[in-house]
Protein chains: 2
Amino acid sequence: MKFSSKAEYGLKAMVNLAKDETRTKNIKLIAKEETISVKYLERLLNDLRKYDLVESFKGANGGYALKRPAKKISVADVVIALEGPIAPMKCVGKTCRMEHQCSSKIVWQILGTQIEKTLSHIKLSDLTK
Amino acid sequence: MKFSSKAEYGLKAMVNLAKDETRTKNIKLIAKEETISVKYLERLLNDLRKYDLVESFKGANGGYALKRPAKKISVADVVIALEGPIAPMKCVGKTCRMEHQCSSKIVWQILGTQIEKTLSHIKLSDLTK
DNA sequence: TTAAAGCATACTAAATTAGTAGGATATCGG
DNA sequence: CCGATATCCTACTAATTTAGTATGCTTTAA
């Protein structure tokens with residue numbers, strides 16, 4: 001059971017942006033500060049943008065900035081943007097033909113809810129110190 | 001973020017055994033009832049045995065049985081036996097040279113603890129109905 | 001009008017997970 | 001004691017997912 005490094009890198013980048021909320025910052029700089037491949041980070045930020053968590057500005061002096069205050073962006077938001085819905089087992093969120101005799105789906109459902117709750121309570125602003 | 005099907009299959013097999021705690025049951029039968037590949041399940045049960053969660057009996061009329069009462073085996077026990085320690089990110093449980101400047105390790109530590117707690121509270125006996 | 005930046009797509013490499021194969025070993029029942 | 005039955009062990013292969021790269025296009029501030 002692991003989150004991917006997408007989530008790890010993405011979260012680091014988001015916290016990086018949260019540390020100076022008012023400025024836009026370009027990919028190269030974030031990548032350097034957080035030791036992430038520029039090209040890979042480019043894609044992650046793209047996903048985060050599509051999820052409306054960051055805003056991008058093209059052209060010279062462009063870059064990225066948080067779209068909402070760091071207080072209003074949770075770790076769950078970031079993880080979901082990058083990895084999709086939190087579902088700790090394939091079957092969660094789908095209907096399964098074995099369902100009527102499946103003893104364990106309930107476990108993964110409870111757990112998924114629990115994880116999402118935990119991650120929703122942690123905001124980027126809690127991680128900037 | 002997903003648990004592997006090892007955890008899923010293993011849990012199903014364990015709940016299957018828990019449904020008739022007093023009997024030993026052979027792999028083929030469990031595999032058939034839970035629609036799992038016999039050979040794969042063989043390996044999973046082996047891991048569970050090494051973790052002292054099941055007991056095995058060789059020879060004719062052999063098979064597997066829970067080593068402890070279903071009330072005293074948690075989902076966390078099963079998952080850890082099959083997947084190793086619950087650590088939702090690579091860095092958890094290790095020391096990392098970026099640690100002094102890492103904003104996010106704490107997140108994965110909190111979450112790991114939380115997940116383990118949740119899964120420890122669910123016992124096999126809760127899943128046999 | 002040009003250089004700096006993001007945007008988009010497709011590809012490749014690495015790692016992990018899932019599953020298979022084949023035989024060795026142990027043991028119960030007759 | 002023999003043989004059928006069942007677990008145990010190691011190694012291999014296939015599939016899937018994750019991580020990372022390459023190339024070029026588009027937008028825009030200076």
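Chain A is the first sequence line, chain B the second, and so forth, proteins listed ahead of strands; every chain is numbered from 1.
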[N] phosphate, OP1 or OP2, under 4.0 Å from [X] side-chain N/O:
| X | N | answer |
| --- | --- | --- |
| S37(B) | dG19(C) | no |
| Y40(A) | dA13(C) | no |
| S4(A) | dT17(D) | no |

Requested in this report: Produce a footprint string for nucleotides 23-30 of chain D: one letter per nucleotide, 5' end first; B if the base is under 4.0 Å from any protein heavy atom, S if only the sugar-phosphate is, - if neither.
Outcome: BB-BBBSS
Nearest-Å distance for atom pair [atom1]/[atom2], residues [X] and [N]:
| X | N | atom1 | atom2 | answer |
| --- | --- | --- | --- | --- |
| E55(B) | dT27(C) | CD | P | 13 Å |
| N26(B) | dC28(C) | CG | C1' | 14 Å |
| I27(A) | dA8(C) | CD1 | P | 12 Å |
| I30(B) | dA6(D) | CD1 | P | 12 Å |
| R43(B) | dA24(C) | CZ | C1' | 17 Å |
| N46(B) | dA6(D) | CG | P | 17 Å |

Query raised in the report: Is K25(A) paired with E33(A) through a side-chain N to carboxylate O contact shorter than 4.0 Å?
Result: yes
When you compare the side chain of [Y] with that of [X], does any pair of heavy atoms fall below 4.5 Å?
| X | Y | answer |
| --- | --- | --- |
| L41(B) | Y64(B) | no |
| L127(A) | I106(B) | yes |
| I122(B) | L111(A) | no |

Considering every strand and a 4.0 Å limit on heavy-atom distances, what is the contact class for [X]: base, sugar-phosphate, or nothing?
| X | answer |
| --- | --- |
| Y9(B) | sugar-phosphate |
| K28(A) | nothing |
| L45(B) | nothing |

Requested in this report: Output yes when a side-chain donor or acceptor of Q114(A) lies under 3.5 Å from a complementary backbone atom of Q114(B), and no otherwise.
Outcome: no
Query raised in the report: Does a distance-only test, which skips hydrogens and angles, find a donor-acceptor pair under 3.5 Å between the side chain of R49(A) and the base of dG6(C)?
Result: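 Per atom types, no contact qualifies.
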Query raised in the report: So M14(A) and V75(A), side-chain contact (heavy atoms from CB on, under 4.5 Å) or not? Walk me through it.
Result: CA-CA 9 Å; M14(A) 290 297 278; V75(A) 176; over 6 Å; no
Requested in this report: Please test D77(B) against K123(B) for salt bridge (Lys or Arg N to Asp or Glu O under 4.0 Å), starting from the C-alpha separation and ending with a verdict.
Outcome: CA-CA 9 Å; D77(B) 292 330; K123(B) 310 292 182 185; 5.9 Å; no
Requested in this report: Report the residue (S5(B) or S56(A)) whose heavy-atom-nearest nucleotide on DNA chain C is the more 5′ of the two.
Outcome: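 Upstream on the strand: S56(A).
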